[in-house]
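Structure first, commentary second.
Note: hydrogens, waters and symmetry copies are ignored here, and every other heavy atom, side chains too, is used. Throughout, protein chains are lettered first and strands after them, A, B, ... in sequence-line order, and every chain is numbered starting at 1. This structure is a prediction, so every number in the text was calculated from the model and none was measured.
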Protein chains: 2
Amino acid sequence: MLGKSTKKSVNKRPRAKRLAASDRKQQIIESAIALFGRDGLKGTTTKALADAAGVSEGTIFKHFPTKKALYLAAFEGRTGDGMEHLVTELQQLADKGRDEEVIQRVLSAIFHGYDRDRDLHRMLLYVHLGQSDEENKVLDETLRKNAVMEFLIEYIATRQQQGVFRPGNPGTLANAVLALGIQVATTGKLFGNRDYGVSDDDVILELTRFLLNGLRQSS
Amino acid sequence: MLGKSTKKSVNKRPRAKRLAASDRKQQIIESAIALFGRDGLKGTTTKALADAAGVSEGTIFKHFPTKKALYLAAFEGRTGDGMEHLVTELQQLADKGRDEEVIQRVLSAIFHGYDRDRDLHRMLLYVHLGQSDEENKVLDETLRKNAVMEFLIEYIATRQQQGVFRPGNPGTLANAVLALGIQVATTGKLFGNRDYGVSDDDVILELTRFLLNGLRQSS
DNA sequence: ATTATCTATAGATCTATAGATAATGC
DNA sequence: ATTATCTATAGATCTATAGATAATGC
């Protein structure tokens, strides 16, 4: 009623500070991940992307030829960040026979990954649901979680030969370990289903004991 | 070049057979689930919905006030279909001490649910990612999987008191059982990650043994 | 004459482009 | 004078509506 801020968009955003192209590009990507993670590719408009980045829509398209190119750019350079390092660490723990720590490390890596890159993991779910050829390429690259999967299969098979773990298909069992971690992290950290008032560390400990109990020989 | 079918949309769809409103409504919902499951709410156009149902866009809006109303209608009447029946069955197995069959039954119910209503489960993932207040209402209604969750918590706690299952937070453990089943079903049946060449029944058996081993006292 | 469907279209986005304007660095 | 940003807008959808047309049942 006072005429100042009632009119739509009277307060126009100030011209964005001029940045080097590579910096602006990166900054647009960072702010885009939150939006794409929330609403998906189709659900996110270039207007929203521009507003979030603090630039005009024209600027968005100056840096990325299409909206989808920006979407896909979010995954560049993030393919399996510290996966090799993790696998090395796991291998060392496995060699020392520290089974508890192996499983615990796998679970905490998953949990922390979802904490650190929550929006990116939401995006990944959207990409999975998307399923185009192009997008599945990105997935194959990104889901180098397979490095961990491969380690687990080998690890479980070895422990079985040593008579420590009970028999059973190592692929199915490795998949079970990862699946449990991923699903608990997904519901707890992406969907907010953490009704069971327990801390992450407690859940990890509980699940570790549970998984190891499941893997080990009873007798 | 032959002029007959080169022009866009020369072959016009014949007028849809006239149906009773309730039948048409149901049929539109059925065909919509596949589209919403594939592309989500925003990714599915009313044009696509009309084409899939074999009617005009006008007809879609005659039966549903908005696209979103159609989206939400897909969940009506499907809230926990045979959940009470399942829980009754589980309770009977539990009373007889048939632990293997309890777990196996839970897992096979999840697997079969994903097989039977694949598109609906894809939609549910989209809804989960959507997260608006309104949509979470639908979720709370639909995810009466909680009935099974509640049963499992009670069941695990009882078995712990009897000294059959090892100690541990029943909520976390029950969540683990469901999470494992849901995630394996999601990746295997919704995302097509079934690289490990094993039949459903074998996976269920393997996971059942694994889960029970994890739950039971070792000594 | 009542109910279902279709046609045509309004109005609101939404993506992307072209050309103008502003800022930087030589 | 080179590079980054913005403004303005074209063209393509996309949702939803209103009024015309067709089918059914009394």
Identify the nucleotide, in any strand shown, that forms a Watson-Crick or G-U wobble pair with D:dA1, with both distances under 3.5 Å; if there is none, say none.
->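 The base-pairing partner of D:dA1, which may sit in any strand shown, is C:dT24.
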Nucleotide opposite C:dC14 in a Watson-Crick or G-U pair, distances under 3.5 Å = D:dG11
In whole angstrom, give the distance that lies between atom [atom1] of [X] and atom [atom2] of [N].
X	N	atom1	atom2	answer
B:Asp23	D:dT24	CG	C1'	14 Å
A:Leu19	C:dA22	CG	C1'	14 Å
A:Glu57	C:dG19	CD	P	19 Å
B:Leu70	D:dT15	CG	P	11 Å
B:Phe64	C:dT5	CZ	C1'	15 Å
A:Lys47	C:dT17	NZ	P	20 Å
A:Leu49	C:dA16	CG	P	11 Å
B:Asp39	D:dC14	CG	C1'	15 Å

Under 4.0 Å between a side-chain N/O of [X] and OP1 or OP2 of [N], yes or no?
X	N	answer
A:His63	D:dA4	no
B:Lys67	D:dT15	yes
B:Thr59	C:dC6	yes
B:Lys12	C:dT7	yes
B:Arg24	C:dA4	no

Give [X] one of three labels, base, sugar-phosphate or nothing, depending on what nucleic acid heavy atoms sit under 4.0 Å from its own.
X	value
B:Thr45	sugar-phosphate
A:Ser56	base
A:Ser22	nothing
A:Lys42	nothing

Among the candidates C:dT15, D:dT17, C:dC6, find the nucleotide nearest to the side-chain atoms of B:Phe61.
->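 Minimum distance to the B:Phe61 side chain belongs to D:dT17.
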Would you sort out whether A:Thr46 and A:Glu57 count as a side-chain hydrogen bond (donor to acceptor under 3.5 Å, both in side chains), showing the intermediate values?
-> CA-CA 6 Å; A:Thr46 53; A:Glu57 291 189 66; 2.8 Å; yes
Earlier contact from the 5' end, DNA chain D, for B:Lys17 and B:Gly58 | B:Gly58
CA sep, side-chain torsions, deciding dist, call: A:Tyr126, A:Asp39, side-chain hydrogen bond (donor to acceptor under 3.5 Å, both in side chains) | CA-CA 9 Å; A:Tyr126 272 117; A:Asp39 303 323; 5.4 Å; no
Got a salt bridge between [X] and [Y], using NZ or NE/NH1/NH2 to carboxylate O under 4.0 Å?
X	Y	result
B:Arg122	B:Asp117	no
A:Arg18	A:Asp23	no
A:Lys189	A:Asp115	yes

Please confirm whether any donor atom in the side chain of A:Arg15 sits under 3.5 Å from an acceptor in the base of D:dT5, or the reverse.
-> yes
Is there a donor-acceptor pair closer than 3.5 Å between any side-chain N or O of B:Lys62 and the backbone N or O of B:Ala21?
-> no
